Structures are given as structure tokens and as C-alpha cells.
Amino acid sequence: MTDATIASPLQRLRTVLDDAVLNVTGGERPRSAPSLERPKQAAHGDFATNAAMLLPKIVGAAPPMIAERLTVALQEHLGDALREVEVAGPGFLNLRLSDAWLDAALADVVAAGERFGAAGVAVPEAIHLEYVSNNPTGPVHIGGARGAAFGSGLANLLDFHGHRVHREYYVNDFGNQVALFGASLQARARGEEPPEEGYQGSYVADVAAEIPDAATRPVDEVAVAGIALMVARQKASLERFRTTFDRWFSERSLHQPRDPAEGSAEPRPSEVDEAFGVLAEQGRSFEQDGALWLRTTESGDDKDRVMRRADGRPTYFASDVAYHYDKRVRGFDRVIDVLGADHHGYIHRLKAAFVALGGDEDRIEILITQFVNLFEDGERAKMSKRAGEFVALDELVDDIGVDAARWYLLARSHDTTIDLDLAEAREQSQENPVYYVQYAHARIRSILQRAADGEVTGAREGDDEADASTAIVDGERELLLALLAWPDEVAEAADRRAPHRIATYALALARQYSAFYRDCPVLAAGVPDEVRARRLDLCRATAAVLAAALGILGVDAPERM
RNA sequence: GCGCCCGUAGCUCAGUGGAUAGAGCGUCCGCCUCCGGAGCGGAAGGUCGAAGGUUCGAAUCCUUCCGGGCGCGCCA
């Protein structure tokens, strides 16, 4: 079975519902697709739909009346699979499915294994995803940590959903900050203080010590060597944080002439110059006061932006323009930039550049991650007091661990500020949500291992009084319904660029499993074989979905803890 | 002043048109003859910042206002 042929049980049910709707309307579709979701209350059935309430204008009848007609249509389509339908409230249709349907659905889930819920996207895209992009003149700081958690989580999520994701880090290795970094390194190598506006962090001396002859070499060579070392350090920090990239894109490369095209001896102009040429051709740029400007106001910016100063030096924005030119030329279906909150003012100008260079406005998304405030027992935390440094990603990971750090940074929507209490994430780690989910996974794996070893535990008190019925009980049903929601959760989270939804879902599923674990013995003697088989399947499916969810979040799914 | 984000339980946060608004932590009361107690059950706790509006229906959409964060360079 390939990914493309994995149709989720719920998806098939939705198709039936759509058919029923078309039957009732005579072929016309409602403006918005009918919902098909688990109702909040168990009394409202396995699934509920608002379909009847979307159709009054089309059908010319009141929702309850339409619901009755939908009921008939659904009964025709589903037959015995449908155990019960009721019209409730303002026109909701509450569906209850038969054991046979549920068993078949479970079989589908188990067959799909860890790929259940994967590759569900209707139109896969090649997506360029840029995230973190810290300056290479210091360690990855807490803002970068959030960008890393969100960016890598989003990349994993989009990938799981069926897109092709290219992960990229933009290295700002160009401009006067690089020169300043070089000067700071050389000063440290000579045992001097860095320049007034230079880099003061303690890491500067460490890096300087790794550069041969740093005290005497030309300062620009020191700068280049220093940047290379810093990038390597960032790479190591990020890999430890389970955040990787397909490419580390050099800003400097945008300013350098490129190798000749095939069959030519002439070097090609830099991408900056080429982008400038395209913009001039398109009439998107203009010269004023000797400077070269881009008309970013056409994309909602509050003023136009300079790309090249009167003295010929490019601005930082020139690099952005060329970088987005490069992204566009590389031929992705979509470009997503993940930026920190302090860059939200750049949204318009980046979109303007992308569009001016021939990109489609709907093909670029700029996502802003909000700030992270660290607390320690309710007080503002001061982790790194070394001058000139923000709290480093490494320190955070040393303190609370990769799994907790990723969970806390990824379990919340990217556009809300996070107040992270380190004492809570660290000292109460035993009761941390992330460990709760991991525990559920480890516990299931343990049961599955025992089952594989042929273990049967003693009958539990009360078990022998139970009849030998093989009907699906509430604990099984609720867990299965939670599992069936997984593909929808993935689709929703991916479409909304909201990996935090995966964390919310994983926690809810782990809770649901706990209820099942409490009420439904798997290995106990006296459990009918058919029931044990079903419960083992539920265990297998839950473990697979938890592992997939944790995998998206970049959190370990341990076999034992 | 203008722009972006946020305002939901004591705290941290889910919930972007559906039925009685949820979780974790914290607090209180219970549960280890039982597949992993890193667990389970229960309780208390909410004018969803405020006021209008749209709708059969609003935490969710619109308007205004009030709080908080961030940004408004020919710096990078």
C-alpha cells in the first residue's frame, strides 16, 4: 500500500456524507463543506455534522426537515455500518457507527502503521522553508531557539503531510557587522578589549583562540575564519536541538560574481546585480538622490526602501532582494520565511521584493514567531550574565533538556508570547506534559513487548464476572475515535502552519489512552481472544500515532523510561 | 502617532461560526493484592479585556475603546 492509496476511514465517511448532501440538494454544493467531527459530548454520538444547517437556502426548507432527508440518504449509503442517526438541537445530525465499521476502521489504521495520517495533502508542493537565520557573530540565542523549534517542527509537519520541504538557514556573513566581528576577534587575540561597538561576549576570545595567527593576520581573514567557526558552533547547537538544514545559504555569495555559464568565458554578474537588473527592467525600482530604491509601497509598505546607496554600497535590503530572487529562480511552489518578532516590519518589503521579481503574492508567506520570556520561580530569569549575550540555546538545553525545551517552545502557537518558567520545565519534569506523552508511548511499547513474548497476566478482580461479549466498549470506542481524528489533525495543523496543534493532540491522545488502559485490560487472563486482538491493535495504532506526533515535534518517543 | 502580535480558570496556554468553553501546573479529597503509580478518579476555580454590530447561532467575524509585547534607519 502506498501513501497515495491510504484513505482514512473518516475521509471515506466524509465522502459518503458529501454524496448524501448532493442527493438532498439535487447536486448543488453548500458554500462551506459540512463538518464531520467528534462532538464534545459522548451523548451526541461518534460523529456529528452541521450539514443540514448549511442547506436551508439551497433546499428551501428548515434544518430539521433537511436533517431528516439527510438521515434517509445516509441510511441508504451506509446500511448496516450506521447504527444510529438522530437529529438534535438546531439541526445537528449525530451519527453512531456499528462495531463492524469501527473494527474495519481500526484494521485500516493498523495496516497504515506509522504512515497513518501521512501524505494526506491534496496538492503536494515544493516548499522553501527558511528559519533561525541568526547572525553568525554569536551563539544561537533564545529567540533563535524558538525559531528553530517552530521552523523544524513546521518542516517536519509539512513533510509528513506530503509536501517536499527544503530547509534553509540564511547566514548573514556580509556587511560591516562581519568586519566588526573580525576586529573584535583580533582584539581578543591580542589580549585587548573589543572595539566600543564590537562583540563583548566571552565566546569571542574562545573563537579567537581557535584561529591561527589571529593577532597578526589581516583582519578580514580573521573575520572569515571567525564566521566559519561560529557557523560550525551554531550548526552543532542546532543539531543537538534536532534542527537541521539542507543548506546554509551564504549572504556573501549573493554579492560575488558567479562562474561563467556553460559555453561562455564571461563570469556572470552577482545575483544582487542580476536582481537589480530584473527590477529595473520591470520598472519596479527607481533612482532618487543618487540611490536605488524599490517601490515597496506597492505591497503595502509605509515607505519605499533603498537597495543601493549613493556611494554604490548595497544596503542589507539588497541582500534580501537578491536572496528572494534566488529562491524564486530555484523554482519552488512556495516560499515560507520564519522570522523573529523584531522583524515583523519586514513583511511588506520582503513580499514586495518577491512580487516585484515576478513571484506570486500567494506563494510567499512570512511567519513571525513572538518573543520568549524566561522565568525562574516566577522571577525573570537571568541565565547568561556574560556581557553581550542573550540567553543561549545551549544553556536552555543544558538546563531542561532537548525534549522539554522543544515541547515548551513548540506546544504554543507561534504568534503568542511564551512565558517559560524554567523551574517548572526542569524541577517538575516528572509531571511535565512532554514526559506524560512519552510515558504513554513507553507503557504501550512495554505491553506490546509482553504480548509478543506471549505473556498473560492474572485475571483482575471483577474480570471473571464480565461476560464474554466481544462488543466494543466505551474505552475502546473513545480511543479509536481519537485515533481516527489524526489525519484531520495533521491536515489542519499543516494548512494553518500550526505545529503546536500536534502537541495538543498528542497530549489528548495520551490521556485517552490512559482511560483505555484503566478500563480495558489487554493481557489479563479471561479476556476473549477476539477482544485481546482488538485491544492489541488499539495499542499498536496508538503507539504508532504517538510516535508520529512526537516525531513531528522532534521529541524522542522512548521504548522505556 | 502609525503598524504587527497578544488579552480565555490562581499560573502557563489550547480552542479562527455550532450544542453545557478545555488541558497542564497549582490547591483540596480519594486510589498501589491490578498489563509501567513518570499513573488514575473526583472537587473547587471563568461577565472568554470592555462596549456596540453581523448571524438561526460569536471566545471565534466587523467597528471602537482599554491593557501588554514588539517594531517603525540609505544598521545588519
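When reading the values below, keep in mind they use all heavy atoms of this one structure, side chains included, and skip hydrogens, waters and symmetry mates. All chains are named by letter (A, B, ...) in the order of the sequence lines, taking the proteins before the strands, and each is independently numbered beginning at 1. Fair warning: this is a prediction, and the values are worked out from it, not measured in the lab.
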*A:Phe286 vs A:Trp293 aromatic rings, parallel, tilted or perpendicular, using cut-offs 30° and 60°?*
parallel
_For A:Phe249 and A:Tyr323, take the angle between the two ring planes, folded into 0 to 90°, and tell me which bin it lands in: parallel under 30, tilted 30 to 60, perpendicular over 60._
tilted
*asked:* Which residues pass the side chain to side chain donor-acceptor pair (under 3.5 Å) test with A:Asp453, not counting sequence neighbours?
replied: A:Gln449
*Could you spell out the base pairing of RNA chain B in dot-bracket, with Watson-Crick or G-U pairs whose two distances are under 3.5 Å, [ ] crossing and | to another strand?*
((((((((.[[[[.)..(...]]]].(((((.......))))).....[[[[[..)....]]]]])))))))....
*With the threshold set at 4.0 Å, does a side-chain nitrogen-carboxylate oxygen contact exist between A:Asp311 and A:Arg313?*
yes
*When all nucleic acid strands are considered with a 4.0 Å heavy-atom cut-off, which category describes A:Phe317: base, sugar-phosphate, or nothing?*
nothing
*Which residues satisfy the ring-ring contact (aromatic ring centres under 6.0 Å, His included) test with A:Phe181, sequence neighbours excluded?*
A:Tyr199
*A:His414 NE2 to B:C70 P, straight-line distance once rounded to whole Å*: 19 Å
*Given RNA chain B, 5'-ward residue of the pair A:Asn50 and A:Met561, judged by closest heavy atom*: A:Asn50
*Charged N to carboxylate O under 4.0 angstrom, A:Asp18 versus A:Arg14?*
no
*Considering only the C1' atoms, how many Å lie between B:C62 and B:G69, rounded to the nearest integer?*
24 Å
Contacts under 3.5 Å, N or O only, protein and nucleotides 19-21 of chain B:
| from | atom 1 | to | atom 2 | distance (Å) |
| --- | --- | --- | --- | --- |
| B:A19 | OP2 | A:Lys40 | NZ | 2.6 |
| B:A19 | O2' | A:Gln41 | NE2 | 3.2 |
| B:A19 | N6 | A:Asn94 | OD1 | 2.7 |
| B:A19 | N1 | A:Asn94 | OD1 | 3.4 |
| B:A19 | N1 | A:Asn94 | ND2 | 3.3 |
| B:U20 | N3 | A:Gln41 | OE1 | 3.3 |
| B:U20 | O4 | A:Gln41 | OE1 | 2.9 |

*Report the nucleotide, chosen from B:G24, B:C13, B:U16, that has the shortest atom-to-atom distance to any side-chain atom of A:Arg511.*
B:G24
*Between A:Asn432 (CG) and B:A23 (C1'), how many Å, whole number?*
14 Å
*Taking only side-chain nitrogens and oxygens of A:Arg518, does any of them come within less than 4.0 Å of OP1 or OP2 of B:G41?*
yes
*With syn defined as a glycosidic angle within 90° of 0 and anti as everything else, classify B:C4.*
anti
*So, are A:Glu376 and A:Arg426 salt-bridged, with charged N and O less than 4.0 Å apart?*
yes
*Would you indicate, yes or no, if B:G73 has its OP1 or OP2 atom less than 4.0 angstrom from a side-chain nitrogen or oxygen of A:Lys303?*
no
_Distance, rounded to the nearest Å, where A:Leu410 contributes CG and B:C13 contributes C1'_ = 14 Å
*For the side chain of A:His343, starting at C-beta, report the closest nucleotide among B:A76, B:G24, B:A14.*
B:A76
*State whether A:Arg305 places a side-chain N or O below 4.0 Å from either non-bridging phosphate oxygen (OP1 or OP2) of B:G73.*
no
*For B:C75, does OP1 or OP2 lie under 4.0 Å from any side-chain N or O of A:Arg309?*
yes
*Between A:Tyr436 and B:C40, does any side-chain N or O lie under 4.0 Å from OP1 or OP2?*
yes
*asked:* Nearest to the side chain of A:Asp342, heavy atoms from C-beta on, is which of B:A23, B:G71, B:U16?
replied: B:G71
*With a non-hydrogen cut-off below 4.0 angstrom, is A:Ser35 in contact with a base, only sugar-phosphate, or nothing?*
nothing
*Atom CZ of A:Arg443 and atom C1' of B:G36: how far apart are they, to the nearest Å?*
6 Å
*Touch class at under 4.0 angstrom, heavy-atom based, for A:Met53 against every strand present*: base
_Regarding A:Asn94 and A:Glu86, do their side chains bring together a donor and an acceptor under 3.5 Å, going by distance alone?_
yes
_Between A:Thr416 and A:Gln370, a side-chain donor and acceptor under 3.5 Å_ = no
_Roughly how many Å apart are B:G37 and B:U33, using the C1' atom of each and rounding to a whole number?_
15 Å
*Are A:Tyr436 and A:Ser514 linked by a side-chain donor-acceptor pair shorter than 3.5 Å?*
yes
*Could you state the CG-C1' distance from A:Leu420 to B:C11, rounded to the nearest angstrom?*
13 Å
*Checking all strands, does A:Arg560 fall into the base, sugar-phosphate, or nothing category for heavy-atom contacts under 4.0 angstrom?*
base
*So does A:Arg532 get a side-chain nitrogen or oxygen closer than 4.0 Å to the phosphate oxygens (OP1/OP2) of B:C35?*
no
*Which residues satisfy the side chain to side chain donor-acceptor pair (under 3.5 Å) test with A:Asp320, sequence neighbours excluded?*
none
_Apply side-chain contact (heavy atoms from CB on, under 4.5 Å) to residues A:Leu154 and A:Leu367 and explain how you reach the verdict._
CA-CA 11 Å; A:Leu154 179 59; A:Leu367 304 178; 3.8 Å; yes
*OP1, OP2 of B:U16 versus side-chain N and O of A:Arg496: anything below 4.0 Å?*
yes
*Between A:Ile447 and A:Thr504, which is nearer to the 5' end of RNA chain B once each is assigned its nearest nucleotide?*
A:Thr504
*asked:* Can you see whether A:Tyr316 engages A:Asn172 through a side-chain donor-acceptor pair at a distance of less than 3.5 angstrom?
replied: yes
*Any Lys/Arg nitrogen of A:Arg349 or A:Asp302 sitting under 4.0 Å from an Asp/Glu carboxylate oxygen of the other?*
no
*Is the shortest side-chain N/O distance from A:Arg38 to OP1 or OP2 of B:G18 below 4.0 Å?*
no
*Give A:Ile418 one of three labels, base, sugar-phosphate or nothing, depending on what nucleic acid heavy atoms sit under 4.0 Å from its own.*
sugar-phosphate
*Whole Å only: how far is the CG atom of A:Leu507 from the C1' atom of B:G39?*
14 Å
*Describe the nucleic acid contact of A:Glu559 in one word from base, sugar-phosphate, nothing, applying a heavy-atom distance below 4.0 Å.*
base
*Taking N and O atoms by type only, does the side chain of A:Ser446 place a donor or acceptor under 3.5 Å from a partner on the base of B:G36?*
yes
*In terms of side-chain geometry, is the basic nitrogen of A:Arg38 or A:Glu478 positioned less than 4.0 Å from the acidic oxygen of its partner?*
yes
_Let's see if you can work this out: which of B:G15, B:C74, B:G39 has an atom nearest to the side-chain heavy atoms of A:Trp293?_
B:C74
*Please state the P separation for the pair B:G41 and B:G3 - nearest whole angstrom.*
49 Å
*Using a 4.0 Å heavy-atom cut-off across all strands, classify A:Ala442 as base, sugar-phosphate, or nothing.*
base
*Determine, for nucleotides 2-9 of chain B in 5'-to-3' order, which nucleotides have protein heavy atoms under 4.0 Å from the base (write B), from only the sugar-phosphate (write S), or from neither (write -).*
-BBSS---
*Between B:G39, B:C75, B:C35, spot the one nearest the side chain of A:Asn176, thanks.*
B:C75
_Using a strict threshold of under 4.0 Å (side-chain N to carboxylate O), is an ion pair present between A:Glu361 and A:Lys351?_
no
*Can you find a side chain N or O atom of A:Tyr517 that sits less than 4.0 Å from OP1 or OP2 on B:G37?*
yes
*Take the protein atom CH2 of A:Trp407 and the nucleotide atom C1' of B:A38, then report the distance between them rounded to whole Å.*
15 Å
*asked:* Please report the distance separating the C1' of B:G49 from the corresponding atom of B:C5, rounded so that it comes out in whole Å.
replied: 16 Å
*asked:* Taking 4.0 Å as the cut-off, does a side-chain nitrogen or oxygen of A:Arg445 come that near to OP1 or OP2 on B:G36?
replied: no
*Rounded to the Å, how far apart are A:Tyr513 OH and B:C40 C1'?*
14 Å
